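Worksheet: the structure to be examined is printed underneath.
This is a predicted model, so every value here is computed, not measured. FYI, side chains are in, hydrogens and waters are out, and symmetry mates aren't considered; it's all heavy atoms of this structure.
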Number of protein chains: 2
Amino acid sequence: MAEETDRESYHHGDLRDALIQATDAILAERGLEGFTLRGAARRAHVSPAAPAHHFGSSAGLLTEVAILGFQELARHIDIEGPAESPTARLKRQGAGYVRFALAYPGRFQLMFRHDLLLADDARLAAASELAKVPIARTIQALLGRPENAEIDAPASAMILAAWSAVHGFAHLALSGKFSRLTPEARSQHLLDELLPDMLEALWPEPGR
Amino acid sequence: MAEETDRESYHHGDLRDALIQATDAILAERGLEGFTLRGAARRAHVSPAAPAHHFGSSAGLLTEVAILGFQELARHIDIEGPAESPTARLKRQGAGYVRFALAYPGRFQLMFRHDLLLADDARLAAASELAKVPIARTIQALLGRPENAEIDAPASAMILAAWSAVHGFAHLALSGKFSRLTPEARSQHLLDELLPDMLEALWPEPGR
DNA sequence: GCTCAATCTTTACATTGTATAGATTTCGGG
DNA sequence: CCCGAAATCTATACAATGTAAAGATTGAGC
C-alpha cells in the first residue's frame with residue numbers, strides 16, 4: 001500500500017496548516033489513540049517524512065494542535081452571559097470547561113499529555129495560562145476583590161480549587177470512571193445533572 | 001541484539017507474577033512512556049510473545065498492574081490518624097491521594113488511561129470503586145449523617161466534588177501545569193503548600 | 001537567469017505488538 | 001510407571017510506526 005501522494009505540484013503550498021488541520025480532524029474522528037504522524041501525512045497527501053521539516057517531530061505538530069486547543073478552550077470558558085452572581089458565573093464557566101472536554105475529547109486529552117508535547121514550549125505554556133484567566137477574574141469577583149486587584153494567596157487557592165475540580169471532573173469522565181450510562185446519554189447527564197450538583201456542593205447559590 | 005532468554009528451565013515457574021512485577025518496576029523507573037510489552041518480557045527473561053499466553057495482550061497485563069495500583073491508592077487514602085474533625089480527615093485523605101500520584105506517577109497515569117486498559121474489566125472497575133470508599137465515609141461524617149447511612153444526592157455530589165478536586169490537582173500537577181519550580185522541590189511544595197491551601201479554600205476549618 | 005535555500009520524496013532502519021506454528025515441560029489417569 | 005494431552009514458552013514473521021539520511025524539485029531574491 002503506497003503512500004498516496006497524488007498532487008499536481010511538487011510543493012504542497014500550505015503543508016504546515018494542512019497537517020495541523022489533518023491532525024485535528026483525526027483527533028475528532030478517531031480520538032487521540034487514532035493519531036499517527038504517518039496518518040496525518042497521508043491525510044495531507046504527503047510522504048511520511050514531510051512533517052519533519054515543518055514540525056521537527058511528532059511532538060512539534062501535536063504541540064501546535066494543543067495550542068489551538070487551549071485557545072478554543074478559553075473561548076468555551078469565556079462565553080458571554082446574562083448579568084449574574086459570581087458563583088453562577090463560575091458555574092457557567094466550569095460547565096464550559098467540561099463541555100469542551102466532552103465535545104472534543106481527543107483535543108482535550110492531548111492538551112494534558114505532556115509526554116506527547118514539547119513540554120517546555122513557551123507558546124504552549126502561554127496558551128495554557130490563557131484558559132485560566134476568565135476563571136481567575138470570576139474568582140476575584142466572588143471574593144469581593146476590586147477589578148484588576150492583585151491575586152493574593154486565598155484567591156490563588158480558590159482559583160486552583162475551581163480549576164482542579166472541573167478538570168478532575170472532566171478527566172475522570174473521559175477516563176470512563178463515571179460510565180454506568182450509555183455513551184450518548186452520558187454527556188448530557190454529566191453536564192445537566194452531575195456537574196451542576198457538584199458545583200453547587202462546592203459553591204452554594206445563596207438563593208436556594 | 002537477541003532477546004535474552006538465558007534460563008535454566010524451559011518453563012519460568014511464575015511468569016505471570018514476574019511480568020506484573022517487571023511492569024511495575026518499569027513504571028517506577030522510566031514512567032508510563034517507558035513501558036513496552038517487549039521490554040517487560042526482556043526484564044522477565046522470556047520471549048516477546050510469552051506475555052500473550054498469560055494476559056492476552058498488552059492491555060491485559062497493564063490492567064492487572066492498574067488493579068494493584070488502585071488497591072495501593074486505597075491504602076494511601078485510608079491511613080489511620082488521630083481523632084480529628086471530618087474536614088481535617090478529608091484533607092488528610094486528599095493529601096494521601098495526591099501523595100500517591102506524585103510518588104508513583106507511572107502507576108497513577110496508567111490507572112486512568114482507559115485506552116491502555118481492558119476498559120470493561122469488572123475487577124478493574126471494582127478496584128477503582130474501592131479507592132472511593134474511604135472518602136465517601138468521611139463525607140458522610142462531614143455532613144452529619146449517621147454511620148452506614150444511605151448516600152443521598154447531596155452526599156454523592158460532595159463525594160464527587162472531593163474526588164474531582166484532588167484528582168484534578170494530581171493530574172494537573174503530573175501534566176506539568178504547575179511547573180515553575182524545580183522537579184525535586186515541586187512535590188514537597190505541592191503537598192505542603194498548594195494542596196492544603198486549596199483544600200482549605202473548599203472546606204474551611206472552623207477553628208481558623 | 002542563476003543560485004541557493006526551502007520544500008518534499010525515497011529509502012532505510014530499528015522498534016513495536018501480536019499472530020502463527022512449533023518446541024518443551026508438566027501433570028493426571030490408566 | 002508412563003503416556004497422551006494440556007499448559008507453557010520459543011521462533012519466526014508481518015505490518016506499522018517514528019524518524020534519520022540523502023536525493024529530487026521548486027521558488028525567491030539578487
Side-chain angles (χ1 to χ4, degrees), chain A residues 1-23 26-27 30-66 110 113-119, chain B residues 1-23 26-27 30-66 110 113-119:
Chain A
M1 179 186 351
E3 315 282 351
E4 308 170 17
T5 46
D6 313 337
R7 207 179 327 114
E8 62 283 6
S9 61
Y10 191 92
H11 283 359
H12 180 284
D14 194 10
L15 179 56
R16 186 187 156 84
D17 197 62
L19 285 170
I20 291 176
Q21 298 304 325
T23 299
I26 292 172
L27 292 185
R30 290 187 282 216
L32 182 53
E33 313 97 277
F35 167 82
T36 64
L37 184 57
R38 291 178 101 109
R42 274 192 295 269
R43 197 163 181 127
H45 306 292
V46 292
S47 77
H53 192 263
H54 291 276
F55 300 100
S57 69
S58 170
L61 169 55
L62 290 176
T63 297
E64 295 300 324
V65 177
L110 169 66
R113 284 287 300 280
H114 82 311
D115 56 322
L116 299 180
L117 304 173
L118 299 178
Chain B
M1 179 187 345
E3 314 282 351
E4 306 169 19
T5 46
D6 313 337
R7 208 179 327 114
E8 62 284 5
S9 62
Y10 191 91
H11 283 0
H12 181 283
D14 194 11
L15 180 55
R16 185 187 156 85
D17 197 62
L19 285 170
I20 292 176
Q21 297 306 325
T23 299
I26 292 172
L27 292 184
R30 289 187 284 218
L32 182 52
E33 314 97 276
F35 167 82
T36 64
L37 184 58
R38 291 177 101 108
R42 275 192 294 269
R43 198 164 180 127
H45 306 291
V46 292
S47 77
H53 191 264
H54 291 275
F55 300 100
S57 67
S58 169
L61 170 54
L62 290 177
T63 297
E64 295 301 325
V65 177
L110 169 66
R113 284 287 300 280
H114 81 313
D115 58 320
L116 298 181
L117 304 173
L118 299 179

Q: Just jot down the salt bridge (Lys or Arg N to Asp or Glu O under 4.0 Å) partners of A/R16, sequence neighbours excluded, or say none.
A: A/E64
Q: Let me know the distance between CZ of B/F55 and P of D/dT8, rounded to the nearest Å.
A: 12 Å
Q | By side chain to side chain donor-acceptor pair (under 3.5 Å) - contacts of A/R43 (at least two apart) | A | A/E29
Q. How many Å lie between CZ on A/R30 and P on D/dA16, as a whole number?
A. 13 Å
Q) With respect to the phosphate group of C/dT16, does any side-chain polar atom (N or O) of B/T36 fall under 4.0 Å of OP1 or OP2? A) yes
**Q.** side-chain contact (heavy atoms from CB on, under 4.5 Å) assessment of B/F35 paired with B/L110
**A.** CA-CA 10 Å; B/F35 167 82; B/L110 169 66; over 6 Å; no
Q: Let me know the distance between CD of B/E33 and P of C/dT15, rounded to the nearest Å.
A: 19 Å
Q.
I need the residues from residues 57-65 of chain A with at least one non-hydrogen atom less than 4.0 Å from DNA chain D; give them sorted by number, or say none.
A. A/S57, A/S58
Q: With sequence neighbours excluded, tell me which residues meet side chain to side chain donor-acceptor pair (under 3.5 Å) with A/D17.
A: none
Q.
Between P on D/dC9 and NE2 on B/H54, what's the gap in Å once rounded to a whole number?
A. 4 Å
Q.
By the 4.0 Å heavy-atom rule, please label A/A50 as base, sugar-phosphate, or nothing.
A. base
Pairs: protein N or O with nucleotides 12-14 of chain C N or O, under 3.5 Å:
none

Q. What's the spacing between A/H114 NE2 and A/L62 CG if we round to 0.5 Å?
A. 14.5 Å
Q.
So if I take every side-chain heavy atom of B/A49 and compare against D/dA7, C/dA19, C/dT9, which nucleotide ends up nearest?
A. C/dA19
(Q) Per the salt bridge (Lys or Arg N to Asp or Glu O under 4.0 Å) rule, what does the pair list look like for residues 44-61 of chain A, sequence neighbours excluded? (A) none
Q: With sequence neighbours left out, write down each residue that passes side chain to side chain contact (heavy atoms under 4.5 Å, CB included) with A/L118, or none if nothing qualifies.
A: A/A59, A/T63, A/D121
(Q) Expressed as a whole number of angstroms, how long is the span from B/H45:NE2 to D/dT10:P? (A) 12 Å
**Q.** Interatomic distance where CG belongs to A/L19 and C1' belongs to C/dT9 [whole Å]
**A.** 14 Å
**Q.** All side chain to side chain contact (heavy atoms under 4.5 Å, CB included) counterparts of B/A52, not counting sequence neighbours
**A.** none
Q.
What is the separation between atom CD1 on A/I26 and atom P on D/dT17, rounded to the nearest whole Å?
A. 10 Å
Q) Considering residues at least two apart in sequence or located in another chain, which fulfil the salt bridge (Lys or Arg N to Asp or Glu O under 4.0 Å) criterion with A/D115? A) A/R113
Q: Using a cut-off of strictly less than 4.0 Å, decide whether A/R42 has a side-chain nitrogen or oxygen near OP1 or OP2 of D/dA16.
A: no
(Q) Which nucleotide wins on minimum distance to the side chain of B/H53, given the candidates D/dT8, C/dT16, D/dT17? (A) D/dT8
Q. Counting side-chain heavy atoms from C-beta on, which of D/dT10, D/dT8, D/dG18 comes nearest to A/L37?
A. D/dG18
Q.
Please report the distance, rounded to the nearest Å, between CG in B/L116 and P in C/dG17.
A. 11 Å
